[in-house]
Amino acid sequence: PAYWDTTKEPTESQFELFKKHDSFWKDEMQELKDYCNIVGIEFMSTPFDVESAEFLNDMMDVFKISSSDITNKPFIEYICSFGKPIILSTGLSNFVEVQAAVSFIRESNELYFSDKYLCVMQCTSVYPCPINEVNLSVTKEYKETFKCQTGYSHHCLQYQPIYSAISMGIDWIETHYSKELLLKKIEVQ
């Protein structure tokens with residue numbers, strides 16, 4: 001079922017939404033990578049299968065493991081085989097699943113015992129996320145338990161959680177932009 005605001009994206013299921021975008025592949029990724037190089041930002045894309053991880057490996061310095069793959073040990077181990085820093089998203093996961101994923105990562109490569117190679121992201125998989133469901137406090141537990149970098153995957157329409165995350169010393173912030181949000185931000189400035 002849809003986990004997003006269907007008044008803004010009327011597609012009713014994840015399958016149908018993903019099917020709308022399933023022709024986005026190597027050439028399109030290379031075009032995005034080239035554009036990122038021109039404007040001076042780092043290109044990143046989250047792979048969801050082995051073939052994507054293989055071709056994205058040549059384009060990226062960091063891998064993100066989607067929260068949908070947090071229990072997919074073979075895929076996590078495959079991504080770890082590249083020996084690049086990993087950002088682990090935790091949306092829809094409980095703490096035991098996050099612990100298991102961190103264990104998979106660390107068992108596969110000793111690099112991931114260094115906090116420079118692993119970031120665990122707090123993510124609430126609701127789009128948009130109500131501000132009262134952000135739960136930034138869990139990042140302190142991630143940092144203390146896993147001795148790694150922490151991050152916040154921002155899906156709110158408000159900016160306050162970003163400011164809170166910065167004040168808490170969170171290392172990474174991921175945010176999603178739409179044309180509407182960018183135009184709104186420009187109007188505010």
Side-chain angles (χ1 to χ4, degrees), residues 1-21 24 29 32-33 35-36 39-48 60-71 85-99 101-102 115-116 118-189:
Y3 56 83
W4 50 85
D5 183 347
T6 55
T7 63
K8 295 191 171 58
E9 169 53 65
T11 308
E12 296 284 328
S13 76
Q14 291 179 51
F15 177 79
E16 290 301 320
L17 180 66
F18 295 166
K19 191 174 176 182
K20 281 172 52 176
H21 302 288
F24 198 87
M29 290 292 183
L32 282 175
K33 164 87 171 131
Y35 182 76
C36 288
V39 297
I41 60 174
E42 185 172 353
F43 170 79
M44 279 186 64
S45 179
T46 305
F48 291 90
M60 305 185 313
D61 296 325
V62 176
F63 271 97
K64 180 177 176 208
I65 296 173
S66 165
S67 55
S68 63
D69 283 315
I70 199 164
T71 59
I86 289 180
I87 299 169
L88 177 67
S89 186
T90 62
L92 302 173
S93 305
N94 61 44
F95 198 79
V96 171
E97 291 169 326
V98 176
Q99 281 181 306
V102 170
D115 71 347
K116 293 178 181 157
L118 178 61
C119 175
V120 179
M121 300 283 283
Q122 165 52 14
C123 174
T124 303
S125 295
V126 178
Y127 306 91
C129 179
I131 201 162
N132 63 329
E133 294 182 27
V134 170
N135 192 19
L136 286 174
S137 61
V138 75
T139 60
K140 181 179 178 189
E141 190 170 358
Y142 290 160
K143 189 167 285 282
E144 290 172 357
T145 303
F146 306 128
K147 309 287 188 250
C148 65
Q149 293 184 37
T150 56
Y152 164 53
S153 200
H154 179 69
H155 303 144
C156 288
L157 296 177
Q158 302 86 1
Y159 292 102
Q160 295 89 334
I162 292 176
Y163 305 134
S164 296
I166 292 167
S167 71
M168 294 172 65
I170 289 175
D171 303 290
W172 291 72
I173 295 175
E174 168 192 330
T175 190
H176 300 227
Y177 288 99
S178 65
K179 179 180 174 184
E180 293 80 17
L181 279 176
L182 288 172
L183 290 174
K184 182 178 176 184
K185 185 174 181 183
I186 290 168
E187 287 174 16
V188 170
Q189 292 177 348

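Any value given below was found using the heavy atoms of this structure, including those in side chains, with hydrogens, waters and symmetry copies removed.
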**Asked** Atom SG of Cys119 and atom CD1 of Ile86: how far apart are they, to the nearest 0.5 Å?
**Response** 11.0 Å
**Item:** Shortest non-hydrogen contact from Ser164 toward Ser167
**Value:** O-OG, 2.8 Å
**Complete:** Heavy-atom closest pair (Val120 atom, Cys148 atom, distance to 0.1 Å) is CG2-SG, 3.6 Å
**Prompt:** Do Thr150 and Met168 come within less than 4.5 Å of each other through their side chains, counting heavy atoms only?
**Reply:** no
**Request:** Could you check if a side-chain atom of Glu174 sits within less than 4.5 angstrom of a side-chain atom of Ile87, using non-hydrogen atoms only?
**Result:** no
**Request:** Decide yes or no on ring-ring contact (aromatic ring centres under 6.0 Å, His included) for Phe146 and Phe95, but give the supporting numbers first.
**Result:** CA-CA 11 Å; Phe146 306 128; Phe95 198 79; 5.7 Å; yes
**Asked** Could you give the distance from CG (Asp69) to OG1 (Thr46), rounded to the nearest 0.5 Å?
**Response** 9.5 Å
**Item:** Thr139 OG1 to Gln149 CD distance, which is reported to the nearest 0.5 Å
**Value:** 12.5 Å
**Message:** Quick check: do Pro161 and Ile131 have side-chain heavy atoms less than 4.5 Å from each other?
**Reply:** yes
**Side-chain donor-acceptor contact under 3.5 Å, Asn135 with Ser137** = yes
**Complete:** Nearest heavy-atom contact between Glu9 and Trp4 is O-NE1, 3.2 Å
**Request:** To the nearest 0.5 Å, tell me how far Gln122 CD sits from Ser153 OG.
**Result:** 8.5 Å
**Gly151 to Ile170 - nearest heavy-atom pair and separation** = CA-CG2, 3.4 Å
**Message:** Measuring from atom CG of Asn132 to atom SG of Cys156, what distance do you get when rounded to the nearest 0.5 angstrom?
**Reply:** 9.0 Å
**From CA spacing to verdict: side-chain contact (heavy atoms from CB on, under 4.5 Å), Lys19, Thr11** = CA-CA 10 Å; Lys19 191 174 176 182; Thr11 308; over 6 Å; no
**Asked** So His154 and Tyr152, would you call those rings parallel, tilted or perpendicular, with 30° and 60° as cut-offs?
**Response** perpendicular
**Prompt:** How many angstroms lie between CG in Leu92 and CD in Glu97, if you round to the nearest 0.5 Å?
**Reply:** 9.0 Å
**Prompt:** Between Val126 and His155, what is the shortest heavy-atom contact and its length?
**Reply:** O-CB, 3.6 Å
**Side-chain donor or acceptor of Thr90 paired with backbone N/O of Met121 under 3.5 Å** = yes
**Request:** Measure across Thr124 and Val134 and return the closest heavy-atom pair with its distance rounded to 0.1 Å.
**Result:** OG1-O, 3.4 Å
